[in-house]
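The structure under discussion appears below in the form of structure tokens.
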Amino acid sequence: MPELPEVEVTRLSFAQGIAGSRVVCVRMGKALRWPLGCPVSELVGRVVRAVRRRGKYLLIDLDQGLLLLHLGMSGRLSFAEHLAPAGAHDHFEMKTTQGTLRLTDPRRFGAVVFADSDSAPIAQKLLGKLGMEPLSDDFDLSRFHAGLKRRKSSIKEVLLAGDVVVGVGNIYACEVLFLAGIRPTRSAAGLGRGRIAKLHAAIRDVLARAVASGGSTLRDFSSAKGESGYFQLEAMVYGRAGQACRVCATPIESIRQGQRSTFFCPHCQKS
DNA sequence: AAAAGCCCCTGGATGC
DNA sequence: TGCATCCAGGGGCTTT
């Protein structure tokens, strides 16, 4: 479900509300991707300072240590003073003095992991190799260029890998490559400066607009307040195999790259 | 170092 | 209606 815009919108929807609260109790359901890494009792009484984001991870800063939270494919957060009774897919719940934070995640690819600090081994393992933040100033064109130049695999797979730039998932990778007019199978290293500049701009624009408009609802996203997003632009290519390109009416093609679906317009994305 | 595959898990859509 | 198959917005891990 969640790519960078959805994660960021989720963060914005509860960061203020939870900051300054104190943890009252924590309840775990079925196992998520990794164990929490500390006894739940150790979290009780700690103060929630702030919520940051790095890539698709949310970092919940406590007065001592932090929680790394990932939504995986199907995760969703809720934060409210009173939540409905926990259901079968609610696998993490943290009650605080200002409301309860709940992770609902049917597929359980998501995770909640405790780390002593940003430099703790577990935090380094999960965050250490992440690429540039596309919406921050460190997403610099020269560094993007340099990152792509040493990668022989396809540009689509490099975007998805997240070690050059983070946050671009399968939907946005397809959309951004369409906007930049780049064939997803093109080798990253083979792209010229001009096309890389265009791609760089497309990534910033699309992600920023998606955050500004409350996250994409290309499927079923909703923030931790339960507000559903409304991505103002419809998908140009994602999920549109066989349908007419919105620009040139050529049928959109679908292929597999690295076990994921890719959609593109063979005419608008000639090379 | 980088690339390619595998796998974790459940639910919804589709097809017979 | 029932059952099998395929697909899904992620990403760490192992093997080449």
Side-chain angles (χ1 to χ4, degrees), chain A residues 1-10 29-35 37 53-58 68-77 87-92 103-113 115 121-131 146-177 184-190 203 206-207 210-211 214-223 228-229 231 233-242 254-263:
Chain A
M1 166 179 83
E3 301 186 30
L4 184 146
E6 293 77 21
V7 176
E8 179 62 9
V9 168
T10 297
K30 289 170 90 170
L32 291 164
R33 180 160 190 172
W34 296 295
R53 181 187 56 73
R54 179 73 178 100
K56 295 171 189 164
Y57 281 91
L58 288 174
L68 312 182
L69 195 151
H70 200 289
L71 300 176
M73 283 283 244
S74 57
R76 183 163 44 82
L77 282 182
H89 301 308
D90 298 332
H91 304 302
F92 172 83
L103 173 64
T104 306
D105 184 6
R107 289 177 74 179
R108 294 188 279 128
F109 289 174
V112 183
V113 175
I122 183 67
Q124 279 302 302
K125 187 179 79 170
L126 299 180
L127 308 176
K129 287 182 182 162
L130 295 183
L148 296 185
K149 278 298 171 190
R150 60 187 152 72
R151 301 297 289 276
K152 217 180 151 189
S153 34
S154 72
I155 181 62
K156 160 82 182 320
E157 289 176 287
V158 171
L159 289 179
L160 238 40
D163 50 357
V164 175
V165 60
V166 293
V168 181
N170 206 33
I171 294 180
Y172 289 108
C174 293
E175 295 299 309
V176 143
L177 288 169
T185 48
R186 266 272 143 330
S187 135
I203 291 170
V206 170
L207 295 184
V211 171
S216 158
T217 13
L218 298 176
R219 288 273 201 267
D220 57 3
F221 170 74
S222 71
S223 74
S228 70
F231 191 40
L233 295 182
E234 292 176 285
M236 298 298 279
V237 289
Y238 185 83
R240 300 193 67 242
S254 143
I255 56 173
R256 299 290 288 182
Q257 288 182 286
Q259 289 91 235
R260 315 292 299 274
S261 303
T262 296
F263 301 86

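Letters A, B, ... are given to chains in the order of the sequence lines, protein chains preceding strands, and every chain is numbered from 1. Since we're looking at a predicted model, the values are computed, not measured.
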Exercise for the section: Over all heavy atoms of both residues, which pair between Asp105(A) and Gly75(A) is shortest? Give the atoms and the distance, please. Expected result: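 It is OD1-N, 3.5 Å.
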
Check: Closest approach of Ala123(A) and Ala115(A), non-hydrogen atoms and distance?
Finding: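 Heavy atoms of Ala123(A) and Ala115(A) come nearest at CB-CB, 4.2 Å.
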
Does the structure show Phe109(A) stacking with dG10(C), if we require the centres to be closer than 5.5 Å and the planes to be within less than 30 degrees of parallel?
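So yes, this residue stacks on that base, both cut-offs being met.
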
> With sugar-phosphate meaning primed atoms plus P, OP1 and OP2, does Arg260(A) contact a base, only sugar-phosphate, or nothing at under 4.0 Å between heavy atoms?
Replying inline: base

Item to complete: Begin with the C-alpha distance, continue with both residues' side-chain angles, and end with the deciding distance and a verdict on side chain to side chain contact (heavy atoms under 4.5 Å, CB included) for Val168(A) and Leu4(A).
Response: CA-CA 6 Å; Val168(A) 181; Leu4(A) 184 146; over 6 Å; no

Specify the separation, in whole Å, of atom [atom1] of [X] and atom [atom2] of [N].
{"X": "Leu160(A)", "N": "dG12(C)", "atom1": "CG", "atom2": "P", "result": "12 Å"}
{"X": "Ile122(A)", "N": "dG12(C)", "atom1": "CD1", "atom2": "C1'", "result": "11 Å"}
{"X": "Ile255(A)", "N": "dC7(C)", "atom1": "CD1", "atom2": "P", "result": "15 Å"}
{"X": "Arg76(A)", "N": "dG10(C)", "atom1": "CZ", "atom2": "C1'", "result": "17 Å"}
{"X": "Leu58(A)", "N": "dG11(C)", "atom1": "CG", "atom2": "P", "result": "12 Å"}
{"X": "Lys129(A)", "N": "dG11(C)", "atom1": "NZ", "atom2": "P", "result": "15 Å"}
{"X": "Tyr172(A)", "N": "dG11(C)", "atom1": "OH", "atom2": "P", "result": "14 Å"}
{"X": "Leu69(A)", "N": "dG10(C)", "atom1": "CG", "atom2": "C1'", "result": "14 Å"}

- Which nucleotide in dG11(C), dA8(C), dC13(C) has an atom nearest any side-chain atom of Arg33(A):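 From the listed options, dG11(C) comes nearest.
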
### Residue Trp34(A), side-chain heavy atoms: nucleotide from dG12(C), dG10(C), dA8(C) that is nearest
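The nucleotide sitting nearest to the side chain is dG12(C).
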
The residue, Lys56(A) or Lys125(A), whose nearest nucleotide of DNA chain C is more 5′ is Lys56(A)

Between [atom1] on residue [X] and [atom2] on residue [Y], distance to nearest 0.5 Å:
{"X": "Arg260(A)", "Y": "Cys174(A)", "atom1": "CZ", "atom2": "SG", "answer": "9.5 Å"}
{"X": "Arg76(A)", "Y": "Leu71(A)", "atom1": "CZ", "atom2": "CG", "answer": "10.5 Å"}
{"X": "Glu3(A)", "Y": "Glu175(A)", "atom1": "CD", "atom2": "CD", "answer": "9.5 Å"}
{"X": "Ile171(A)", "Y": "Glu6(A)", "atom1": "CD1", "atom2": "CD", "answer": "7.0 Å"}

message = Using atom P in both nucleotides, what's the gap between dC3(C) and dC9(B) to the nearest angstrom?
response = 23 Å

Does Tyr57(A) offer a backbone N or O that forms a donor-acceptor pair with the side chain of Arg54(A) under 3.5 Å?
no

Is there a donor-acceptor pair closer than 3.5 Å between any side-chain N or O of Arg53(A) and the backbone N or O of Gly55(A)?
yes

task = Using only side-chain N and O atoms of Tyr57(A), determine if any of them is under 4.0 Å from OP1 or OP2 of dG12(C).
result = yes

**Prompt:** Step by step, would you call Ser261(A) with Arg256(A) a side-chain hydrogen bond (donor to acceptor under 3.5 Å, both in side chains)?
**Reply:** CA-CA 5 Å; Ser261(A) 303; Arg256(A) 299 290 288 182; 3.1 Å; yes

**Study point:** DNA chain C-proximal residues of residues 163-170 of chain A, any heavy atom under 4.0 Å
**Key:**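 When residues 163-170 of chain A is checked for heavy atoms under 4.0 Å from DNA chain C, the hits, listed by number, are Gly169(A), Asn170(A).
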
Between Arg107(A) and Ser153(A), the residue closer to the 5' end of DNA chain B by nearest nucleotide is Ser153(A)

Start at the 5' end of DNA chain B and walk down; is the nucleotide closest to Gln259(A) or to Arg151(A) reached first?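 Closest to the 5' end, via its nearest nucleotide, is Arg151(A).
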
Footprint ends on DNA chain B, 5' to 3', for atoms under 4.0 angstrom from a heavy atom of chain A, come out as dA2(B) to dG11(B)

Answer for the Watson-Crick or wobble partner of dC3(C), both distances under 3.5 Å, is dG15(B)

